[in-house]
2 protein chains.
Amino acid sequence: MTCSADYAPQLRARGYRMTPQRMVILHVIHHSGKHLSPSVIYEKARKELPGITETTVYRTLEFLAQNGLVRSAHMGNGHLVYEIAGHEHHHLKCRICGSEMEVEHSLLAKLYHQLETASGYQLTDSHLTFFGLCPNCQKGE
Amino acid sequence: MTCSADYAPQLRARGYRMTPQRMVILHVIHHSGKHLSPSVIYEKARKELPGITETTVYRTLEFLAQNGLVRSAHMGNGHLVYEIAGHEHHHLKCRICGSEMEVEHSLLAKLYHQLETASGYQLTDSHLTFFGLCPNCQKGE
DNA sequence: TTCCTTATTGCAACTATTTGCAATAACATA
DNA sequence: TATGTTATTGCAAATAGTTGCAATAAGGAA
């Protein structure tokens, strides 16, 4: 939990504030290896800070994502999940069994350069999900 | 509207049925150049088929996407939008002004091959959204 | 340490999306 | 063309996510 306090200066420098709610939410996301849904984050956060509301969780997640402290990822069902920022990676997901696999962002570096050159856009960190069939499910179809 | 009937055999071959609701929804998506949100699709569909419900729109969109007649795209806000299938492309989106730009899938062909080789997954058509700063917004920051 | 500004929270009401289930209607078959 | 099977729809109720606004509290300045 103390670890989350480390983020405070980052926020203050931009005119924002560190609050118990933000600390708890950062703590929850930080200490879960995987991506979490807002409702799971709410349930976990509630155990450490009983008064916290779902509204605050939603708003805080959006805030933290916008400020680069967490990453949001869309895993294909129209819902966002969240993970701690710092490790740029993407996911491959099986359309059939739903299994997931991480892909390092470095694999996409060349593509990103190409896209930047071709478009004039300057690309920033953001999560991608690629869909397909995992080796196992390819056998069935 | 007749055009949507062309999809019927495709559905029947798989044991599904063509219905007025599906025809109207396909028609709406087909004749709009861009991606549409479920609520916009509902409003447009309602004009042609007044009794249609939002529930049906949501369920139909998911069904059509799963069967490859439409594509769903996630443009970053946690909500899905839909477009007619057939033109494989992706989008670049500006984090600041929200402007969008299409990217042909062919630009990603090499990457897809690399990912398939590295992972064993067999990748299938699906939409990606890349985030960044458009040329205009780069000046401001 | 106290005060002041204003970012942040909680509450309540709202909009968006999902789910279960009974009624309906495609469409394959006779 | 009439019939039976069952995929699909609509309705109602549930869950998920968003928004406006007044009350609260972070944290810089005195």
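Note that the structure is a prediction, hence the values are computed from the model and not measured. All chains are named by letter (A, B, ...) in the order of the sequence lines, taking the proteins before the strands, and each is independently numbered beginning at 1. Atoms considered below: every heavy atom in the structure, side chains included; atoms not considered: hydrogens, waters and symmetry mates.
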Between B:His127 and B:His74, do the side chains contain an N or O donor and an N or O acceptor separated by less than 3.5 Å?
no
Decide whether a cation-pi geometry holds between A:Arg22 and A:Tyr7; the criteria are a distance under 6.0 Å from NZ or CZ to the six-membered ring centre and an angle within 45° of the ring axis.
no
Less than 4.0 angstrom from a charged side-chain N to a carboxylate O is my criterion; do A:Arg46 and A:Glu43 meet it?
yes
When rounded to whole Å, the CG to C1' distance for the pair B:Leu80 and C:dT18 reads 13 Å
Heavy atoms from other residues, nucleotides or ligands near CD of B:Glu116 exceed 12 (cutoff 6.0 Å):
yes
At under 4.0 Å between heavy atoms, which parts of nucleotides 2-12 of chain C does protein reach? Answer with one letter per nucleotide, 5' to 3': B base, S sugar-phosphate only, - none.
---BBBSBBBB
What are the two closest non-hydrogen atoms of A:Ile25 and A:Thr56, and how far apart are they?
CD1-O, 4.5 Å
Let me know the distance between CD of A:Glu43 and P of D:dT15, rounded to the nearest Å.
13 Å
Taking only N and O in the side chain of A:Tyr58, is any of them less than 4.0 Å away from OP1 or OP2 of D:dG17?
yes
Whole angstrom value for the distance that separates P of C:dA25 from CZ of B:Arg12
17 Å
With a 4.5 Å limit on heavy-atom distance, are the side chains of B:Arg12 and B:Arg17 in contact?
no
Could you give the angle between the helix axes at the two ends of the helix from C:dT1-D:dA30 to C:dA30-D:dT1, with five pairs per end, rounded to 10 degrees?
30°
Side-chain H-bond candidate by donor/acceptor type, B:Tyr82 with B:Thr60, under 3.5 Å
no
Closer to the 5' end of DNA chain C via nearest nucleotide, is it B:Pro38 or B:Ala8?
B:Pro38
Whole-Å distance separating the CG atom of A:Leu61 from the C1' atom of D:dA16:
13 Å
Quick one: is B:His79 getting a side-chain N or O under 4.0 Å of the C:dT17 phosphate, OP1 or OP2?
yes
By salt bridge (charged side-chain N to carboxylate O under 4.0 Å, His left out), A:Arg95 pairs with (sequence neighbours left out) none
